[in-house]
Amino acid sequence: MNNVEYLFCLENEYAGALDINALEFDFKEIEAFVPKILDRLLEKTEISERACFSGFEFNSLSFDILFIDDEKIQEINRDYRAKDCPTDVITFALFADDDFKPVLDGDINLGEILISLDTAKMQAKSSLRDEILTLICHGVLHLFGFDHMTEEDYNFIVSIQDEVLSSILAV
């Protein structure tokens, strides 16, 4: 996975703070951590060999991260997952869920990660930044094609994300 470029966009549609400077975390710091999360995940053979893009030739992985509120994520959760309640993170895994799996101009568009900042704030154990990074890592694993329909799969995802975050936050 050497020389893979990460193309991602962080977008804020959080109704609680339309001004990016009013958010309770450093947006640029989150942005700087995303490539580190991806690097650490792809260094793990159990991830890189089982990811939805394994075996494909590509130069870049692209995706979006959108920060929203509980009201918006509940609407999406209801409309797309038939669950009428807010949640912390929802992913739309384009490449993992597409049988055709297009690679356009060497780029794989993985999809989109939606994060509710309201729920992230409520769940945050140490800091909102760390909770957001946890949700991004979790969402990236979903974009890579990993799911947690069983307790074993859930434990695998959580152990990987905890290991990755411990390694980058300890530095």
Side-chain angles (χ1 to χ4, degrees), residues 1-14 20 23 25-68 73 76 80-81 87-117 120 127-150 152-171:
M1 293 290 158
N2 293 343
N3 300 322
V4 172
E5 185 177 9
Y6 308 130
L7 307 172
F8 63 93
C9 180
L10 274 71
E11 298 178 41
N12 178 39
E13 289 187 15
Y14 180 60
I20 203 70
L23 294 174
F25 60 92
D26 184 344
F27 205 74
K28 292 292 183 192
E29 183 181 25
I30 296 293
E31 193 172 50
F33 272 111
V34 172
K36 295 175 187 179
I37 290 171
L38 291 161
D39 284 343
R40 292 298 197 299
L41 285 171
L42 294 174
E43 287 170 1
K44 299 187 161 303
T45 54
E46 66 262 44
I47 300 299
S48 60
E49 290 179 357
R50 292 176 41 205
C52 60
F53 46 78
S54 178
F56 287 85
E57 288 191 33
F58 57 94
N59 303 320
S60 59
L61 296 172
S62 62
F63 60 96
D64 295 316
I65 300 169
L66 180 63
F67 297 111
I68 57 179
I73 209 159
I76 293 165
Y80 291 93
R81 299 180 66 227
T87 189
D88 52 4
V89 61
I90 293 176
T91 58
F92 290 99
L94 297 178
F95 194 78
D97 292 345
D98 190 337
D99 291 334
F100 179 60
K101 299 203 184 309
V103 180
L104 303 173
D105 295 326
D107 178 59
I108 292 178
N109 184 345
L110 294 172
E112 186 173 46
I113 301 169
L114 309 175
I115 295 174
S116 170
L117 290 179
S127 72
L128 181 57
R129 178 202 73 175
D130 290 358
E131 182 64 19
I132 290 168
L133 293 174
T134 299
L135 296 174
I136 289 171
C137 188
H138 191 90
V140 167
L141 283 164
H142 281 302
L143 294 183
F144 283 7
F146 294 88
D147 212 343
H148 45 76
M149 302 305 277
T150 67
E152 181 182 350
D153 290 340
Y154 178 79
N155 291 337
F156 172 77
I157 287 177
V158 169
S159 70
I160 293 292
Q161 76 189 27
D162 289 350
E163 189 178 319
V164 164
L165 293 169
S166 291
S167 72
I168 64 171
L169 294 175
V171 176

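Just so it is clear, the model here is predicted, and its values are computed rather than measured.
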task = Determine, stepwise, if the pair His138 / Ile157 fulfils side-chain contact (heavy atoms from CB on, under 4.5 Å).
result = CA-CA 7 Å; His138 191 90; Ile157 287 177; 3.5 Å; yes

Interatomic distance, Leu110 atom CG to Asp64 atom CG [nearest 0.5 angstrom] = 10.5 Å

ask   = Looking at side-chain heavy atoms only, is the closest gap between Ile113 and Val140 below 4.5 Å?
value = yes

task = Kindly assign one of parallel, tilted or perpendicular to the pair Phe58 and Phe53, based on the angle between their ring planes and the thresholds 30° and 60°.
result = perpendicular

query = How long is the span from the CZ atom in Phe63 to the CG atom in Leu10, to the nearest 0.5 Å?
reply = 8.0 Å

ask   = Counting only N and O atoms by type, is there a donor-acceptor contact under 3.5 Å from the side chain of Asp98 to the main-chain atoms of Phe100?
value = yes

ask   = Between CZ of Phe95 and CD1 of Ile108, what distance do you get to the nearest 0.5 Å?
value = 4.0 Å

request  = Using side-chain hydrogen bond (donor to acceptor under 3.5 Å, both in side chains) as the criterion, point out the one residue from Asp107, Asn109, Asp105, Asn3 that pairs with Ser60.
outcome  = Asp107

inquiry  = Looking at every heavy atom in both Arg129 and Phe33, which two are closest together, and how far apart are they?
reply    = NH1-CE1, 3.9 Å

ask   = Between Ile73, Ile115, Ile90, Asn12, which is the residue that forms a side-chain contact (heavy atoms from CB on, under 4.5 Å) with Ile68?
value = Ile73

request  = Drop me the distance from Leu143's CG to Asp97's CG, to the nearest 0.5 angstrom.
outcome  = 9.5 Å

message = I need the minimum non-hydrogen distance between Ser54 and Ser48, along with the two atoms involved.
response = CB-O, 3.6 Å

ask   = So how far is it from Glu112 CD to Glu11 CD, rounded to the nearest 0.5 Å?
value = 7.0 Å

inquiry  = For a 4.5 angstrom cut-off between non-hydrogen side-chain atoms, does Ile76 reach Phe92?
reply    = yes

ask   = Does Thr134 reach the side chain of Gln161, with side-chain heavy atoms less than 4.5 Å apart?
value = yes

query = Run the side-chain contact (heavy atoms from CB on, under 4.5 Å) check on Phe67 and Ile132 step by step: do they pass?
reply = CA-CA 10 Å; Phe67 297 111; Ile132 290 168; 3.8 Å; yes

inquiry  = To the nearest 0.5 Å, what is the distance between OG on Ser127 and CG on Leu133?
reply    = 7.5 Å

key: Val164 versus Arg40, closest heavy-atom pair with distance   = CG1-CB, 3.7 Å

inquiry  = Evaluate Phe144 against Arg50 for side-chain contact (heavy atoms from CB on, under 4.5 Å), listing each step before the verdict.
reply    = CA-CA 8 Å; Phe144 283 7; Arg50 292 176 41 205; over 6 Å; no

ask   = Can you find a pair of side-chain heavy atoms, one from Val34 and one from Ile136, that are under 4.5 Å apart?
value = yes

task = Could you point out which residue of Ile160, Leu38, Ile37 forms a side-chain contact (heavy atoms from CB on, under 4.5 Å) with Cys137?
result = Ile37

key: Phe56 atom CZ, neighbour heavy-atom count above 12 within 6.0 Å   = yes

message = One pair to check against side-chain contact (heavy atoms from CB on, under 4.5 Å): Leu141 and Ile47. What are the steps and the verdict?
response = CA-CA 8 Å; Leu141 283 164; Ile47 300 299; 3.7 Å; yes

